[in-house]
Participant: 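Pasting a structure here, questions to come.
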Amino acid sequence: MTYRNKLLLKRGLLVLAILAAVVALVLLIGFIYMGRFVIYTEAGAVFSFEPSAQESAPVSTLPVPETIELVTGEPISANEVIGDTTPSLEDSSVSGFLLDYKTLSEGTSLSQLDLEPAVNNTLVLQMRAPDKDILSTEPVRALIQRAKSQDVHLVAMISCLSDSTYARNHPDQALKADASTLWVTNDGTCWLDPSQDAVIDYLAGIIRVLSDMGFQEVILDDFFMPSSDLYMYQYNGQTNADITTAAYGKLLEATLDQCKLGILVWDPELGHQALESADRLYVYYTDGSSVKRYAEDHPDQYLVFITDSHDTRFENYGRIRSDSNLFLSAGLAYGGEKPVSDEEAATDTADEDE
């Protein structure tokens with residue numbers, strides 16, 4: 001059972017407990033109310049529903065129906081129990097496209113995009129690139145409003161832990177190469193420590209901003225523990241997967257009332273460190289010959305494939321198209337464990353004394 005399902009079950013049980021308390025209160029009130037009809041005689045206490053002399057004239061009553069008809073409805077879903085009325089799409093019905101951060105930043109042709117829900121019912125916007133702020137330019141805001149007005153499913157993609165600015169301003173929340181040096185990737189980017197609650201609060205704040213902007217779902221990119229041949233992280237015996245999975249659960253719980261969460265999987269073979277806990281996966285995939293097998297291997301997860309492939313076998317599944325170089329130039333931005341040689345890892349020792 002995934003973290004989201006566990007949280008929904010927990011909230012459902014809470015609602016049931018509240019309903020049970022209300023029923024008990026109603027029964028108690030009914031018992032007190034029935035006390036007015038108890039008459040004490042020499043033979044004992046009996047019920048009498050005859051009006052007393054002090055009561056006013058009897059009120060006319062409605063005729064009693066000959067038969068009682070029970071009316072039933074559809075069962076209440078877990079999302080309705082917690083008040084989640086956000087419309088959502090089945091993974092197999094998702095059809096849309098992705099716009100990367102660079103395209104959105106330029107904003108020159110966003111007003112000309114064809115947002116026809118019958119053709120493209122989903123729009124994925126990379127709202128935050130590594131070490132960048134959330135995009136909030138006028139063209140981007142106008143595009144979001146236009147998508148909302150046409151009932152297009154809005155999804156934001158954000159870089160999470162790749163954040164040099166925040167890491168340098170909060171070195172105690174960043175990964176360390178040693179006691180005084182920040183750990184950096186090959187391209188010089190600092191990485192936040194997902195095991196810290198302060199980092200989860202920081203990311204949850206970003207997701208809340210996106211939810212307020214109108215996004216119904218957020219895809220987490222750069223949400224994993226990086227590996228290095230030179231540095232080994234010690235977290236009380238926890239593995240990288242343990243740390244990432246726990247962080248995903250905390251972030252899911254912190255944002256459950258705002259929007260849905262998904263994880264971006266860059267390498268289907270390596271998967272993702274929190275793969276087993278996430279129930280919404282966006283997978284960069286080009287192999288149409290095995291897309292059916294991949295979907296069958298993940299029967300309990302919401303799957304959407306991000307691909308530029310024109311293979312018609314992708315048409316049977318959720319599909320997001322991307323015509324940009326987003327996936328070709330992202331470097332370390334993927335959810336698996338990228339092998340790093342000793343020679344390459346040696347470049348990670350750039351002085352970042354704080």
Side-chain angles (χ1 to χ4, degrees), residues 1-8 88-91 94 96 98 100-101 122 124-130 153-163 191-195 199-200 202-204 206-208 210-211 215-227 239-256 258-285 291 294-295 297-307 317-320 322 326-327 330-338:
M1 181 179 293
T2 63
Y3 276 103
R4 182 178 180 86
N5 289 337
K6 288 180 180 178
L7 292 172
L8 291 177
S88 60
L89 299 169
E90 294 295 332
D91 57 326
V94 172
L98 180 149
D100 64 12
Y101 192 89
T122 304
V124 181
L125 306 181
Q126 189 188 25
M127 293 293 290
R128 189 172 190 261
H153 189 67
L154 272 171
V155 184
M157 180 186 293
I158 62 170
S159 176
C160 294
L161 301 175
S162 178
D163 195 329
W191 210 262
L192 303 185
D193 182 354
S195 70
V199 172
I200 300 301
Y202 170 62
L203 297 178
I206 294 174
I207 293 172
R208 292 189 188 100
L210 293 168
S211 175
F215 287 95
Q216 298 155 294
E217 189 170 350
V218 174
I219 304 173
L220 307 180
D221 188 14
D222 296 329
F223 191 77
F224 61 92
M225 281 289 291
S227 61
T239 66
N240 285 349
D242 292 336
I243 297 167
T244 306
T245 298
Y248 175 79
K250 292 178 180 179
L251 190 58
L252 180 62
E253 183 174 8
T255 60
L256 187 63
Q258 277 75 46
C259 59
K260 296 178 174 63
L261 288 188
I263 284 180
L264 183 62
V265 179
W266 286 85
D267 190 329
E269 296 299 323
L270 293 178
H272 191 281
Q273 292 166 355
L275 185 70
E276 297 303 320
S277 296
D279 56 7
R280 306 177 74 82
L281 304 177
Y282 285 77
V283 188
Y284 174 49
Y285 212 73
V291 64
Y294 191 90
D297 289 342
H298 301 80
D300 298 326
Q301 292 172 308
Y302 176 107
L303 289 178
V304 177
F305 297 103
I306 301 178
T307 180
Y317 306 97
R319 178 182 179 184
I320 298 296
S322 172
L326 173 66
F327 301 105
L332 189 63
Y334 69 104
E337 297 257 355
K338 182 178 181 179

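Quick note: numbers below take in every heavy atom, side chains included, and nothing from hydrogens, waters or symmetry partners.
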Participant: Going by distance alone, is a donor N or O of one side chain under 3.5 Å from an acceptor N or O of the other, for D163 and Y202?
Facilitator: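 There is such a pair (donor and acceptor under 3.5 Å, judged by atom type) between the side chains of D163 and Y202.
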
Participant: Checking T122 side chain against H153 main chain: does a donor-acceptor pair fall under 3.5 Å?
Facilitator: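 Looks like no, no N/O pair under 3.5 Å.
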
Participant: Look at R128 together with D222 and state whether they make a salt bridge at an N to O cut-off of under 4.0 Å.
Facilitator: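 Salt bridge: no.
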
Participant: Quick check: do V304 and L281 have side-chain heavy atoms less than 4.5 Å from each other?
Facilitator: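 SC-SC contact between V304 and L281 ruled out.
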
Participant: State whether the side chain of Q273 and the backbone N or O of M225 hold a donor-acceptor pair below 3.5 Å, judged by distance alone.
Facilitator: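 Indeed, once roles are kept as given, a pair shorter than 3.5 Å links the two residues.
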
Participant: Applying side chain to side chain contact (heavy atoms under 4.5 Å, CB included) between L161 and each of P226, P130, P194, report the one that passes.
Facilitator: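 It is P194, the one option of P226, P130, P194 that forms the side chain to side chain contact (heavy atoms under 4.5 Å, CB included) with L161.
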
Participant: Which heavy-atom pair separates Y317 from A295 by the least distance, and what is that distance?
Facilitator: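 Taking every non-hydrogen atom into account, CE2-CB, 3.7 Å.
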
Participant: Tell me if a side-chain donor or acceptor on Q301 pairs with a main-chain N or O of L275 at a distance below 3.5 Å.
Facilitator: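 Checking the backbone N and O of L275 against the side chain of Q301, a donor-acceptor pair under 3.5 Å is found.
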
Participant: In terms of ring plane angle, is the pair Y294 and Y285 parallel, tilted or perpendicular, where the classes change at 30° and 60°?
Facilitator: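 Rings of Y294 and Y285: tilted, 30 to 60°.
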
Participant: Once rounded to the nearest 0.5 Å, what's the spacing between atom CZ of R319 and atom OG1 of T307?
Facilitator: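 Those atoms lie 6.0 Å apart.
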
Participant: Quick check for you: to the nearest 0.5 Å, what is the distance between D100 atom CG and L125 atom CG?
Facilitator: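 Here the interatomic distance stands at 10.5 Å.
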
Participant: Considering only heavy atoms from C-beta outward, does the side chain of L203 approach that of L220 to under 4.5 Å?
Facilitator: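 Result no, sub-4.5 Å side-chain heavy-atom pair not found.
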
Participant: Does the gap between the ring centers of F224 and W191 come in under 6.0 Å?
Facilitator: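 Aromatic pair counts; centres sit under 6.0 Å.
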
Participant: Does the side chain of L251 reach to within under 4.5 Å of the side chain of F223, using non-hydrogen atoms?
Facilitator: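 Of all side-chain heavy-atom pairs linking F223 with L251, at least one is under 4.5 Å.
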
Participant: Is I158 close to I207 at the side-chain level, that is, under 4.5 Å between some pair of heavy atoms?
Facilitator: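 I207 vs I158: side chains touch.
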
Participant: Once you round to the nearest 0.5 Å, how far does CD of E217 lie from SG of C259?
Facilitator: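 The CD atom of E217 sits 8.0 Å away from the SG atom of C259.
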
Participant: Sequence neighbours left out, what passes side chain to side chain contact (heavy atoms under 4.5 Å, CB included) with A274? Give chain and number order.
Facilitator: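 With sequence neighbours excluded, A274 shows a side chain to side chain contact (heavy atoms under 4.5 Å, CB included) to T244, T245, Y248, I263, H272, given in chain and number order.
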
Participant: What's the spacing between L264 CG and C160 SG if we round to 0.5 Å?
Facilitator: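 So the CG of L264 and the SG of C160 are separated by 10.0 Å.
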
Participant: Kindly say whether Y101 contributes a backbone atom to a donor-acceptor pair with the side chain of Q126 at under 3.5 angstrom?
Facilitator: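 Indeed, once roles are kept as given, a pair shorter than 3.5 Å links the two residues.
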
Participant: I'd like to know whether Y282 forms a side chain to side chain contact (heavy atoms under 4.5 Å, CB included) with V155, so could you lay out the CA-CA distance, the side-chain angles of the two residues, the decisive distance to 0.1 Å, and finally the verdict.
Facilitator: CA-CA 11 Å; Y282 285 77; V155 184; 4.1 Å; yes

Participant: In Å and rounded to the nearest 0.5 Å, what is the CE to CD1 distance from M157 to I306?
Facilitator: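 It comes to 4.5 Å.
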
Participant: With R280 as the cation and Y302 as the aromatic partner, state whether NZ or CZ is under 6.0 Å from the six-membered ring centre and within 45° of the axis.
Facilitator: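 Satisfied, under 6.0 Å and within 45°.
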
Participant: Might you point out which heavy atoms bring I200 and A247 nearest each other, and give the distance in Å?
Facilitator: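 Taking I200 first and A247 second, the nearest heavy atoms are CD1-O, 3.7 Å.
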
Participant: Taking the side chain as C-beta and beyond, is there a heavy-atom pair between T255 and L261 under 4.5 Å?
Facilitator: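 T255 reaches L261 side chain to side chain.
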
Participant: State the CG-OG distance between D221 and S162, to the nearest 0.5 angstrom.
Facilitator: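 Rounded to the nearest 0.5 Å, the CG-OG separation comes to 9.0 Å.
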
Participant: Any donor and acceptor pair, going by atom type alone, linking the side chain of S211 with main-chain N or O of Q258 inside 3.5 Å?
Facilitator: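 A pair under 3.5 Å: yes.
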
